[in-house]
Amino acid sequence: MMLKSDPRIETSIADHFRRTGTAWSMGSFGAIAEFHHVAGDPAPRLLDGGIVTDRGGLRLTDMDAIRPVAWEALSRRPDRWQQGISLCVEATQAPMAQRKVLTEIGVDHDALRDLDRGAILFDMGLDQQQVDFCIRTADPDLIALLRAEAGRSVTASDCRAMPAILAAHPHRVALTRIGRVEVFQKIGGPDTGGVSPIGPHTHVLPQLLRARRTHSANTPIPEGLVPVAGLHLESPIMDSLGADRDFDRAAFDAFQHMLAAWGDPARNDLKSEIWHMLAAGDPPDRIDPPTDRFGRAALRVALRQAERRDGASDLLSRWRAAFDRGSDRSEDADTPGH
């Protein structure tokens, strides 16, 4: 797996700033800010190292530090898989302030838009290794309340900060070693019918934060790296809202190209071997299945992809019966691009 700096990443990222079908994320396991273009909106405005719309934006400030890791993972649904490109940094470079209490940082001089550069940043104090998860506001009443609650945990039952934040919907700003994502839209909650708005949004999930993981155990990140952001190409099987769509061969091939460049070579070779054996008509007992978790997942993903790409067959059904049995069609849909 590639650990050294890759000069191709800056060119590739700059290209994806211009692609409205690409989504982005920044944060940790349990506190994440996502940027998605909304179909029908004006094209994002290009920045130096980023993009911005009326709903949110992002900027990457240290592309030399990025170690890209392309990956695929299983979905709970048997006709799907998940994919992404984790923008990682060396573990020694990842740590941020890791504040444990609400803390005023000061005027946000680095805001993506000129109109936000007089507003005040407050770190929510979520104590996450690779992200300082902040809110930003110019509302004098909210600033006064947050200053009064500074030094306290926002999760304390008698802390007034979180109810005030949920009511005021300030901007959320995720800061990492490679840049920032900003979200201008409302926080998903009572004012939004309990769902996140379409497009840029944030999630803060206390039950995941308590796990103190840098990433999901289902995401194959090499030892020594920490994912701080995500680049999510258009899914070949889901639309931007997570609904099924007809298989998109161009989107599939585009991600497979990235997987060849920045994925795990052994798992890529395994997938190629599976597809070759299917094309040759080989039965499933011709292969020694991998013994490691991510290898087994790669085998199952290869079979699901073969069915979506090439169609069902008796031979493929035998392979899936042998290696991809315990899928549950009743579980929740996946997050697009993740």
Side-chain angles (χ1 to χ4, degrees), residues 1-19 22-35 47-51 57-73 81-98 128-133 174-181 211-235 254-271 292-295 297-298 301 335 337-338:
M1 174 61 65
M2 181 185 310
L3 295 182
K4 296 181 179 179
S5 177
D6 188 335
R8 295 172 296 175
I9 190 65
E10 184 167 356
T11 300
S12 180
I13 285 178
D15 178 56
H16 278 283
F17 287 150
R18 296 172 174 81
R19 297 190 182 187
T22 298
W24 307 79
S25 61
M26 192 168 286
S28 67
F29 188 59
I32 194 163
E34 301 183 24
F35 175 81
L47 307 172
D48 181 15
I51 46 179
L58 78 149
R59 176 185 286 134
L60 300 180
T61 55
D62 189 3
M63 293 193 198
D64 288 342
I66 293 173
R67 307 293 181 263
V69 176
W71 52 268
E72 293 174 325
W81 61 93
Q82 304 211 50
Q83 64 181 40
I85 300 171
S86 293
L87 305 182
C88 302
V89 299
E90 303 286 350
T92 55
Q93 296 179 310
M96 296 294 286
Q98 297 175 263
Q128 295 298 287
Q129 178 181 340
Q130 74 264 49
V131 61
D132 292 341
F133 206 86
L175 303 174
T176 73
R177 290 300 179 195
I178 64 169
R180 61 168 58 202
V181 166
R212 300 195 58 77
R213 299 183 57 89
T214 59
H215 58 281
S216 167
N218 296 320
T219 308
I221 302 299
E223 186 176 352
L225 296 183
V226 172
V228 298
L231 167 62
H232 309 286
L233 276 63
E234 184 179 11
S235 170
F255 186 79
Q256 296 305 303
H257 176 76
M258 303 295 273
L259 195 66
W262 293 320
D264 181 85
R267 291 194 285 272
N268 291 343
D269 289 345
L270 173 63
K271 285 180 49 179
D292 65 290
R293 173 184 183 177
F294 294 125
V301 167
T335 302
H338 291 224

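Applying the side-chain hydrogen bond (donor to acceptor under 3.5 Å, both in side chains) test to Gln256 and every residue at least two apart in sequence or in another chain returns Glu72, Lys271. Taking Ser216 as the reference, Phe29, Asn218, Thr219 meet the side chain to side chain contact (heavy atoms under 4.5 Å, CB included) condition, with sequence neighbours excluded. Residues satisfying the side-chain hydrogen bond (donor to acceptor under 3.5 Å, both in side chains) criterion with Arg19, sequence neighbours excluded, are Asp15. Applying the side chain to side chain contact (heavy atoms under 4.5 Å, CB included) test to Ala97 and every residue at least two apart in sequence or in another chain returns Arg99, Asp132. Partners of His16 according to the side-chain hydrogen bond (donor to acceptor under 3.5 Å, both in side chains) rule, which considers only residues two or more places apart in sequence or in another chain, are Thr22. Scanning for salt bridge (charged side-chain N to carboxylate O under 4.0 Å, His left out) contacts around Arg18 gives an empty result, with sequence neighbours left out.
Two residues are said to be in side-chain contact when any heavy atoms from C-beta on lie closer than 4.5 Å; Trp24 and Leu231 meet this criterion. A heavy-atom distance below 4.5 Å is found between the side chains of Leu87 and Ile13. Here the side chains of Pro220 and Asp264 are not in contact, with every heavy-atom distance at 4.5 Å or above.
Put simply, CZ on Phe35 and CD1 on Ile51 are 4.0 Å apart, with the number rounded to the nearest 0.5 Å. Taken from CG in Asp64 to CD1 in Ile178, the straight-line distance is 11.5 Å, to the nearest 0.5 Å. Here NE2 of His232 is found 10.0 Å from CZ of Phe255. Values are rounded to the nearest 0.5 Å. Expressed to the nearest 0.5 Å, how far CE of Met26 lies from OG1 of Thr176 amounts to 4.0 Å. Separation of atoms CE (Met63) and OG (Ser12) is listed at 10.0 Å; rounding is to 0.5 Å.
Each of Val226, Val228, Leu225 was checked for a side chain to side chain contact (heavy atoms under 4.5 Å, CB included) with Cys88, and the lone residue meeting it is Leu225.
Heavy atoms only, all atoms of each residue included: Gln129 and Ala91 are closest at NE2-O, 4.2 Å. Here the closest heavy-atom approach between residue Pro227 and residue Gln130 is recorded as O-NE2, 3.0 Å. When all heavy atoms of Ile85 and Trp71 are compared, the closest pair comes out as N-NE1, 4.1 Å. Heavy atoms only, all atoms of each residue included: Ala31 and Val131 are closest at O-CG1, 4.4 Å. Here the closest heavy-atom approach between residue Leu259 and residue Asn268 is recorded as O-ND2, 3.0 Å. Of all heavy-atom pairs spanning Ser25 and Ile32, the tightest one is CB-CD1, 3.7 Å.
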Exercise. Can you list the steps and then say if Asp62 with Arg177 is a side chain to side chain contact (heavy atoms under 4.5 Å, CB included)?
Worked result: CA-CA 7 Å; Asp62 189 3; Arg177 290 300 179 195; over 6 Å; no
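Listed for the Arg67 side chain is a donor-acceptor partner under 3.5 Å among the backbone atoms of Ala65.
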